[in-house]
Amino acid sequence: MNFLHHDHDSTSFVTGDSPQPPLRKKYYYDPVRDIDDHASENIESMDFGSSSISHLVQSPKPAPSLPFQDVPVNTNGGSILDLVSPSPVDAVTHVTLSEAFHLSTSQCTPGFSEPSTSHLETQSDASLLFADPTETALTLSNLAGPIPSISNDRSIAEIESSVGPDSAALQSHEEFSSHSTLTPTPDSPISTRVSPPPSVSKYYPPTTPVGPHYCSELVFEPTDFTAEVLGSQVGEHAEIQVWPNGWKTVLPELRNESHSGNILEADVKAVKWMANPANVAPPEHSIVRYLDAKSYSSPASLIKDIRSLMAKSFVVVLPNSVAPVGPRRLDTLEDITYVLGTGSSQAQAITYHDMELRARDPGQPYGNGTLPTFLDDMKRPSKVHMLLDFPVAIETIPHPFHLLNDGKISAEQMNSDMSYRVRSKPSYLSNHLASKWGLLHMAGTFTYPHIDTAGYAVGGQVAGDRNDPQPKIWAVLSLKDLSMAKLPMEKLAEKFQDVTCMIASSAKEYDQWLKGFKKAKNNTKKIPLFPTQGPDTWSEVWNVEIIYLRPGDIFFQPPSILHLVYTPAPCVAFGSHSYGYDTMHLTETARRIQHLSQGTVTNQEHIGTYETLEQMLLALHGHTERVFYRRAIAALCLMILFPARYFNGEDQEALDDASRIYKDVAREVAIFVAGHYLGISRGEKKKFTEDMLVDYLYDGNTDYTDPGASFTLGTLLTEESQKIFARREKRDQKKKEPRARNKGKK
């Protein structure tokens with residue numbers, strides 16, 4: 001990997017005029033760069049969307065109203081039929097259950113809540129094993145569900161099942177256990193009858209004996225997003241892409257006198273790879289779940305379902321579940337400031353990503369300017385920029401979804417908990433800013449695959465009018481070979497690194513680019529285009545799922561999810577970074593991969609990350625009845641006890657007395673939790689080592705996405721935390737007394 005490094009950014013590329021030696025492979029470049037320590041650093045690829053694709057079903061004829069590009073109807077995410085071409089009324093396509101793992105029109109079962117504590121032992125009796133209901137196998141108990149009526153002559157995908165109800169599927173919930181799962185009958189045909197004209201995407205959710213309220217369908221009208229941008233905001237020669245759900249968009253386009261062709265040709269290839277149904281994840285590998293928020297009678301059940309799904313590394317999308325923010329068009333600073341409510345200032349300085357600069361020097365895409373100038377440039381085809389660090393005054397995640405942010409809630413609880421009497425502990429500003437930010441993208445901007453910085457989870461939504469949207473097209477990657485999820489962390493980091501770095505097409509072309517880079521010196525417009533080999537190698541390891549996000553949709557992405565994003569029209573989006581107790585194992589994985597890859601899979605580490613994790617551990621004792629996961633909590637303890645495993649220097653911060661007390665108490669609490677609740681032995685020397693916790697998390701047989709068995713804390717941790725803090729304060733008080741006496745003598 002050849003990186004060029006700038007002094008102001010440890011993950012950038014230039015030191016003087018020449019790159020540094022390779023870190024692992026030659027000819028690597030990291031395309032995802034951001035400004036130092038900004039809360040929205042790597043959000044250029046937030047998951048924005050609301051549909052996925054998986055099993056392919058070829059439709060016989062092209063749609064007369066749309067350009068036909070041999071785009072097959074396809075299903076995905078569990079599962080979706082994207083009807084982009086018509087077929088005769090009597091056309092029937094057969095799909096077997098073994099091919100379409102998630103296909104079902106069964107009625108959604110009642111919302112899943114965390115296991116009742118009446119079924120759980122507290123940890124005073126050591127360990128508790130509870131099989132999470134969402135892990136039970138899929139069952140097809142009522143395939144012939146009712147088809148919702150669709151108006152305006154839109155096409156409907158009807159599922160006609162020849163599979164009769166399985167008597168085993170009629171067992172009561174009490175009869176299910178993790179060892180007596182129900183499975184679909186293999187190779188049972190499901191016929192899909194399509195009636196023209198085509199325009200409806202049907203989503204058939206996975207069905208479980210007890211599970212979340214999944215959406216019964218997703219509907220996407222074939223929409224042309226090219227008319228308003230082609231020739232006015234994107235070059236008139238831009239290619240057109242028809243997406244699997246019927247959307248028609250421009251592809252990235254930028255031309256000027258410095259280059260004979262499209263400067264953003266590499267981005268075009270990446271977007272085409274993203275839209276290609278051949279790269280779609282099969283249904284059984286889907287990592288996207290769509291929940292129907294309106295079917296929940298209680299916010300508690302909804303939040304618990306989202307937590308449970310995210311703990312298992314599912315991206316959760318809730319279509320049309322929140323009130324859209326702002327008007328469709330945001331043309332002026334006044335629109336941004338007052339109508340949208342960001343509170344932006346008239347001369348607000350910004351640092352944005354310039355797609356032309358990224359095409360020439362992937363490590364240095366930055367441009368500086370003001371927000372009014374950025375808004376004016378959105379109307380110029382000669383400019384293709386994205387603004388990732390967009391400060392906003394409004395709360396970006398509405399109730400009740402803010403309850404997913406355990407990191408922020410823990411900080412607030414710590415501030416009011418008088419048992420922690422030393423309350424002058426400093427708090428990093430970045431920790432608070434991470435919980436809300438905005439994105440402002442021009443038409444035709446693309447973000448390459450990456451995971452979000454510091455092991456954060458992400459939540460987000462698109463602003464605008466749902467009936468006339470300017471959307472985000474978001475995609476997530478999943479491993480083709482599921483056994484790779486059990487690889488040693490060093491090997492897994494390489495798989496992530498291979499897709500997050502730009503790799504030169506050949507050594508010869510890289511050397512030619514390097515000569516041009518040195519010759520250009522400080523004139524970035526004269527740097528030749530970086531000769532990337534393109535996205536073809538991504539398909540060797542990764543599948544893709546597309547999520548189409550419109551105003552009114554909201555999504556939540558767990559840590560460590562690789563994702564890439566295309567913005568086909570000017571778009572404003574809002575989001576939040578957060579930590580959750582249930583996804584700490586994924587946070588640990590993401591932070592470890594980030595450390596092993598020297599930051600190339602994401603952006604620079606947020607300073608103060610340790611502080612947020614520390615507050616979460618100190619606030620843990622208050623959740624006496626909440627259901628936690630063993631590997632997730634073990635990962636939190638590992639990050640607290642051995643911070644240098646993730647970020648060199650983070651545990652070397654200068655601490656004042658208050659901070660030192662919190663840190664010492666957090667370490668003692670982590671040791672107690674690991675020993676008492678997780679049953680990890682301290683060994684002969686009565687001390688925990690890094691290897692002990694690492695072996696607990698990664699035994700070679702466990703998928704890194706597995707949160708572990710469920711358990712509850714009971715009241716013992718509350719009592720022990722108070723004792724630990726009292727002992728620590730008493731020791732500190734004894735240290736202060738001699739100093740006070742000596743000071744009095746003077």
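This one's a predicted model, so the numbers in the text were calculated from it and none came from an experiment. Note: hydrogens, waters and symmetry copies are ignored here, and every other heavy atom, side chains too, is used.
With contacts defined as side-chain heavy-atom distances shorter than 4.5 Å, the pair Thr567/Met386 does not qualify. Contact of the His353 side chain with the Thr447 side chain is not registered, since no non-hydrogen atoms from C-beta on lie closer than 4.5 Å. Between Val288 and Phe555, the closest side-chain pair of non-hydrogen atoms is not below 4.5 Å. Taking the side chain as every heavy atom from C-beta outward, Met310 and Leu586 never approach each other to under 4.5 Å. Between Lys408 and Ser576 there is no side-chain heavy-atom pair separated by less than 4.5 Å. Contact of the Val694 side chain with the Phe642 side chain is not registered, since no non-hydrogen atoms from C-beta on lie closer than 4.5 Å. Two residues are said to be in side-chain contact when any heavy atoms from C-beta on lie closer than 4.5 Å; Thr705 and Lys312 fail this criterion. When side chains are defined from C-beta on, Ile397 counts as touching Ile554, because their heavy atoms get closer than 4.5 Å.
The minimum heavy-atom distance linking Ile640 with Ala670 is given by the pair CG2-CB, 4.2 Å. Of all heavy-atom pairs spanning Ala454 and Tyr579, the tightest one is O-OH, 2.6 Å. Between Leu439 and Phe390, the shortest heavy-atom contact is N-CD2, 3.9 Å. Minimum interatomic distance between Asp582 and Ala311 (heavy atoms only, all atoms of both residues): O-CB, 3.3 Å. Contact between Asp703 and Ala485 at its shortest, heavy atoms only, is OD1-CB, 3.1 Å. For the residue pair Ser410 and Tyr581, the shortest heavy atom distance occurs at OG-OH, 3.2 Å.
For the pair Glu614 and Lys663, the salt-bridge criterion is not met [side-chain N within less than 4.0 Å of a carboxylate O].
Taking CG of Leu404 as the reference point, atom CD1 of Ile303 lies at 4.5 Å (rounded to 0.5 Å). Going from atom CD1 of Ile451 over to atom OG1 of Thr453 covers 8.5 Å, rounded to the nearest 0.5 Å. Within the model, atoms CG of Leu716 and NE2 of His676 stand 4.5 Å from one another, a figure rounded to the nearest 0.5 Å. Taken from CG in Leu613 to CG in Asp406, the straight-line distance is 11.5 Å, to the nearest 0.5 Å. A distance of 8.0 Å separates CG in Leu479 from CG in Leu487, rounded to the nearest 0.5 Å. For the atom pair OH of Tyr677 and CG of Leu713, the computed distance is 5.0 Å after rounding to the nearest 0.5 Å.
A donor-acceptor pair under 3.5 Å links the side-chain atoms of Arg631 to the main chain of Asp706, judged by distance alone. Judged purely by atom type and a 3.5 angstrom limit, Asn405 has no side-chain atom pairing as donor or acceptor with the backbone of Ser578. Judged by distance alone, with hydrogens and angles left aside, the side-chain atoms of Tyr629 form no donor-acceptor pair with the main-chain N or O of His585 at under 3.5 Å. Of the possible donor and acceptor atoms, none in the side chain of Arg289 sits under 3.5 Å from a partner among the backbone N and O of Val316. Using modelled atom types, no side-chain atom of Tyr646 and backbone atom of His595 make a donor-acceptor pair closer than 3.5 Å. Judged purely by atom type and a 3.5 angstrom limit, Glu720 has no side-chain atom pairing as donor or acceptor with the backbone of Val669. Judged by distance alone, the side chain of Ser560 and the main-chain N or O of Ala590 form no donor-acceptor pair under 3.5 Å. With hydrogens and angles disregarded, no donor-acceptor distance shorter than 3.5 Å links the side chain of Tyr566 to the backbone of Ala475. The backbone N or O of Thr396 sits less than 3.5 Å from a side-chain atom of Gln461, completing a donor-acceptor pair. Between the side chain of Tyr456 and the backbone N or O of Pro559 there is no donor-acceptor pair closer than 3.5 Å.
Residues passing the side-chain contact (heavy atoms from CB on, under 4.5 Å) test with Thr589, sequence neighbours excluded: Met489, Leu492, Ile593, Tyr698, Tyr704.
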Apply side-chain contact (heavy atoms from CB on, under 4.5 Å) to residues Gln722 and His621 and explain how you reach the verdict.
CA-CA 9 Å; Gln722 293 172 346; His621 71 88; 5.5 Å; no
Show the numbers, then the answer: is there a side-chain contact (heavy atoms from CB on, under 4.5 Å) between Lys495 and Trp542?
CA-CA 9 Å; Lys495 301 299 181 184; Trp542 302 95; 4.3 Å; yes
The test is side-chain contact (heavy atoms from CB on, under 4.5 Å); show your working for Ile287 and Val476 and say whether it passes.
CA-CA 8 Å; Ile287 61 170; Val476 294; 3.9 Å; yes
Trp273 and Ser539: side-chain contact (heavy atoms from CB on, under 4.5 Å), yes or no, with the steps?
CA-CA 9 Å; Trp273 181 92; Ser539 304; 2.6 Å; yes
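In this structure, Trp538 and Tyr448 have perpendicular ring planes: the angle between them is above 60°, well past the 30° mark. Under the 30°/60° scheme for interplanar angles, the aromatic rings of Tyr662 and Phe725 are found to stand perpendicular. Ring orientation note: the planes of Phe401 and Phe556 are tilted relative to one another, at an angle of 30° to 60°.
Checked against Glu668 for a salt bridge (charged side-chain N to carboxylate O under 4.0 Å, His left out), the options Lys723, Arg728, Arg731 give a single hit: Arg731. For the side chain to side chain contact (heavy atoms under 4.5 Å, CB included) test with His441, the passing option among Leu387, Val565, Leu388 is Leu388; the others fail.
For the residue pair Ser483 and Asp481, a side-chain donor N or O sits within less than 3.5 Å of a side-chain acceptor on the partner. Between the side chains of Ser286 and Glu545, at least one donor N or O lies within less than 3.5 Å of an accepting N or O.
Aromatic rings from Tyr366 and Tyr352 are positioned such that their centres are separated by 6.0 Å or more.
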